[in-house]
Protein chains: 2
Amino acid sequence: MNKEQKILETALKLFVEFGFHGTPTSKIAKEAGVANGTLFHYFATKETLIKELYVSIKNELNQLLMAKLDVNDEIKIAAKKLYSNTILWALANKDKFHYIQQVQFSPHLAQIPSDVSLEQTKMHTEFIELGKAKGAIKLMPTDFIFTLVNSQITGIYQYILTQPPTQQHEIIEQGFEMIWDLIALKK
Amino acid sequence: MNKEQKILETALKLFVEFGFHGTPTSKIAKEAGVANGTLFHYFATKETLIKELYVSIKNELNQLLMAKLDVNDEIKIAAKKLYSNTILWALANKDKFHYIQQVQFSPHLAQIPSDVSLEQTKMHTEFIELGKAKGAIKLMPTDFIFTLVNSQITGIYQYILTQPPTQQHEIIEQGFEMIWDLIALKK
DNA sequence: TTGTAGATTGACTAATCACTCTACAAATTT
DNA sequence: AAATTTGTAGAGTGATTAGTCAATCTACAA
């Protein structure tokens, strides 16, 4: 297997379990089955590794969401897909989702160039603006809607974790209706 | 000034700015104006310092919320107070609020005994259950409501940061009506 | 005055860590 | 086949770090 990929995978696992501080590069290399020097061949610094891991995970999620989106769908249907695919992905990739939060509430986030961050939210803000243009979504500021939905997703994800898997589907459904109620323009 | 307090204050500032990893204990001691050994006189390990700082900040917020709560208030009024006092406190104590998030999405959270965490959410869950009993809040699971409101608060806080201060009051008002709409039982 | 317990100091240390360097192997290009 | 680039290894290094410790200071009670 690709060693660069293997390093990223191992780093993810260890960072989530022990934090950035608690994870020495030597441990990452050892557990990934590569030499110390190999790690630094692919990632110049530990900081680089932290950031590239973050960007690669965010891209993975975005590409998945894009792939599952259908331009012919109604806004509400499309929104529901975006929403539930995000939660389902988070549940199937807990470490990755957790890592995103970990970085977002750490000083490392400030290190990521704003154009990279912007690129990653672009798809979502464009979607919200389309929804407003089509009269499906309230004319609130796009950033406001984006932030609300995002935090709602995080909240629902955290709650689902505490519930039995049989309930998960219903909670996702219920959660969507609630958030849609919040942002949909009533006719 | 009390040296223990001074250490906590300095640690907060540095942890938020540079992260746990990027903040050596020696730097905390130096900037707090105490000797290296003094820090370890009060906090046996760096980990202890991280955890005690978290608990002390959470307690501070809870005590403030309690103090501002009036048992004679209607549920909706009381809920609004809890909500807006939390956001106002967060805006006035950005570092502290940021630190709470930082710990909550780090492996350090797992180190905090569950009875301590429980004690801190007790007041909120009791309030939600009172609201349900009085027929003011929907009969959804208490944890679900708690998580939703919490993430909503985080979301609104983050959005407010990007807006001019003149707008803040209105966003808080608007945000409350939205979240109340979500959880209130319609008569 | 003396005794005592806690507060405070800062030099010290053992361990750890991020990162370098050199050597060689494999792949790719010329 | 020679030359060049790229991948991989792992021992080595200098700097840093969390935490220790013996010594002094302060407050206050006996």
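Letters A, B, ... are given to chains in the order of the sequence lines, protein chains preceding strands, and every chain is numbered from 1.
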A/K3 NZ - D/dA9 C1' separation (whole Å): 9 Å
Atom-to-atom span, NZ of A/K27 to C1' of C/dT16 - whole angstrom: 13 Å
Set of salt bridge (Lys or Arg N to Asp or Glu O under 4.0 Å) partners for B/E31, sequence neighbours left out: B/K13
C/dC17 phosphate, OP1 or OP2, under 4.0 Å from A/K30 side-chain N/O: no
B/E4 CD to C/dA7 P, straight-line distance once rounded to whole Å: 9 Å
Single-linkage hydrophobic cluster, 4.5 Å side-chain cutoff, B/M178 and B/L185 together: no
B/K76 and B/E177 ion-paired at < 4.0 Å: yes
Side-chain donor-acceptor contact under 3.5 Å, B/T48 with B/T45: yes
Exceeds 12 heavy-atom contacts within 6.0 angstrom, atom NZ of B/K30: no
Interface with DNA chain D, restricted to residues 35-45 of chain B and to heavy atoms under 4.0 Å: B/F40, B/T45
Under 3.5 Å on both distances, the Watson-Crick or G-U partner of D/dA30: C/dT1
Pair A/Y42-A/E52, side-chain donor/acceptor within less than 3.5 Å: no
Spacing between B/I7 atom CD1 and C/dA7 atom P, to the nearest angstrom: 12 Å
Gap between atoms CD1 and C1', on B/I28 and D/dT16 respectively (whole Å): 15 Å
No-hydrogen, no-angle side-chain donor-acceptor test under 3.5 Å, B/T142 and B/K132: yes
Atom-pair distance (NZ on A/K46; C1' on C/dT20), nearest Å: 17 Å
Sub-4.0 Å heavy-atom contacts from residues 10-20 of chain A onto DNA chain C, ordered by number: none
Check: A/F146 ring centroid to A/H124 ring centroid under 6.0 Å: yes
OP1 or OP2 of C/dA18 under 4.0 Å from side-chain N/O of A/T25: yes
N-O pairing of A/E74 and A/K134 below 4.0 Å: no
